[in-house]
Number of protein chains: 2
Amino acid sequence: MADQDHASPAGGETLLFLTDEQLRQGIEAMFFAYRGFTADPDMILADYDYGRAHHRALHFINGAPGTNVNNLLAILGVTKQSLNRVLRTLIGDGLVESRVGRSDKRERHLYLTEKGAALERALSDAQRARMRKAYRDAGPEAVAGFKRVLEAMMDPEMRRRYHALREGRG
Amino acid sequence: MADQDHASPAGGETLLFLTDEQLRQGIEAMFFAYRGFTADPDMILADYDYGRAHHRALHFINGAPGTNVNNLLAILGVTKQSLNRVLRTLIGDGLVESRVGRSDKRERHLYLTEKGAALERALSDAQRARMRKAYRDAGPEAVAGFKRVLEAMMDPEMRRRYHALREGRG
DNA sequence: GTTGGAATGTCAACAAGACTGACTTAATGT
DNA sequence: ACATTAAGTCAGTCTTGTTGACATTCCAAC
């Protein structure tokens with residue numbers, strides 16, 4: 001069934017990579033690569049009593065200091081109960097600081113403490129090291145393609161947020 | 001801070017994509033894209049009493065019919081106890097058949113039943129549809145780069161298994 | 001041939017992290 | 001005043017990972 005593409009009369013080149021087998025390879029590549037992607041931070045986290053959820057919270061608070069809980073919720077795509085459990089331990093352990101909003105006192109603005117920034121840095125360094133190696137091995141053009149495909153794979157809402165984060169830092 | 005690369009005297013082009021901000025974007029792209037990657041099958045699975053783990057088992061049994069539990073274990077990267085729970089429900093529900101090995105009676109060889117193949121197809125179709133759209137939107141060259149970077153991101157052991165699967169089907 | 005170790009798979013109990021649902025508190029805004 | 005919003009909490013459930021203990025089968029050394 002993977003040979004059916006030879007039957008397509010014209011444009012075979014542009015359709016070649018859309019066979020089920022090609023798509024399947026992409027799916028499996030995503031699966032295996034994501035494992036590598038999370039492996040290094042996971043090893044560090046195992047030493048603390050934290051998990052991947054804590055890493056994600058630290059990452060996005062670091063990237064958008066002062067963000068409120070609702071925004072973080074939307075980015076992470078979890079329920080507030082789930083995020084709250086994580087946030088409570090991070091605040092309790094002195095990695096995250098929660099300040100009452102000055103304009104709207106209902107909101108809580110989140111910041112990393114020195115201690116929280118240190119852990120975030122350790123986790124990020126490990127993850128970035130793998131990313132850097134992958135980028136180097138694959139080359140600049142591959143990286144551009146990599147990002148284009150990943151972006152096309154996102155839900156529109158997540159793509160919007162992805163760009164918003166970039167612009168917020170740009 | 002994203003402008004710092006202009007300071008690098010030579011080879012700016014080859015280093016441009018290795019700034020911390022570029023790596024951070026890649027990390028966030030992986031995070032958001034993986035969410036999209038799993039979203040469609042997850043919605044289907046919610047209708048059944050199955051989860052992502054069941055999907056993964058069905059996927060790889062479908063790709064390597066007759067595989068034994070140990071091999072599946074190594075591919076999925078979980079403990080045998082964890083896989084066993086998933087396998088038990090799939091076998092109990094008649095989606096997977098487990099045959100005792102003829103040469104080595106300790107081994108169990110796994111096959112999808114008609115029913116199991118049908119669910120696998122439904123899940124795969126949903127996931128492939130998103131993948132196909134992403135590939136189409138990004139273009140063939142981007143897809144090649146996408147795969148190169150993902151492969152470079154894998155642990156060597158997983159890269160080996162990834163290739164083994166491709167050759168087994170090739 | 002028996003036996004002891006290694007490999008394969010199963011059962012049971014537990015923990016992390018997600019979920020829903022119901023509720024409280026405080027601040028905002030109409 | 002009253003409804004809405006932001007945040008947090010409590011309780012209960014589900015999936016999916018973990019360890020530990022155990023049964024079965026195979027194989028190789030004795």
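Scope of the values below: all heavy atoms of this structure, side chains included, with no hydrogens, waters or symmetry mates. Residue numbers begin at 1 in each chain, while the letters A, B, ... track the order of the sequences.
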May I ask you to verify if any side-chain N or O of H54(B) is less than 4.0 angstrom from the OP1 or OP2 atom of dT16(D)? yes
When you check the phosphate oxygens OP1 and OP2 of dA18(C), does a side-chain N or O of R56(A) lie under 4.0 Å from one of them? yes
Side chain of V86(A): nearest nucleotide among dT28(C), dT10(C), dA18(C)? dA18(C)
Separation of atom CG in L90(B) from atom P in dG9(C), rounded to whole Å: 16 Å
Is it true that D93(B) and Y48(B) share a donor-acceptor pair across their side chains at a distance under 3.5 Å? no
Answer yes or no on whether R99(B) is positioned over the face of Y111(B), meaning its NZ or CZ is under 6.0 Å from the six-membered ring centre and within 45° of the axis. yes
Is any side-chain heavy atom of L90(A) closer than 4.5 Å to one of Y50(A)? yes
When we call it a touch if two heavy atoms are under 4.0 Å apart, what does R85(B) touch: a base, just sugar-phosphate, or nothing? base
I need the CG-P distance between D104(B) and dA6(C), as an integer number of Å. 17 Å
Are I75(B) and T67(B) packed together at the side-chain level, in the sense that at least one heavy-atom pair is separated by less than 4.5 angstrom? no
Which residue, H54(B), H59(B), H55(B), forms the side-chain contact (heavy atoms from CB on, under 4.5 Å) with P41(B)? H55(B)
Quick note, N84(B) side chain, CB onward, closest among dA18(C), dT10(C), dT18(D) is dT10(C)
So, with a heavy-atom separation below 4.0 Å from DNA chain D, the residues of residues 60-81 of chain B are V78(B), T79(B), Q81(B)
What nucleotide, of dC26(D), dG8(D), dT18(D), holds the atom closest to the side chain of S98(A)? dG8(D)
Would you say R102(A) reaches dA27(C)'s phosphate, i.e. side-chain N/O to OP1/OP2 under 4.0 Å? no
Report the nucleotide, chosen from dT25(D), dT10(C), dG17(D), that has the shortest atom-to-atom distance to any side-chain atom of R106(B). dT25(D)
Would you say the rings of F31(B) and Y34(A) are close, in the sense that their centroids are separated by under 6.0 Å? no
Counting just side-chain N and O atoms, does R88(B) come under 4.0 Å of either OP1 or OP2 of dG9(C)? no
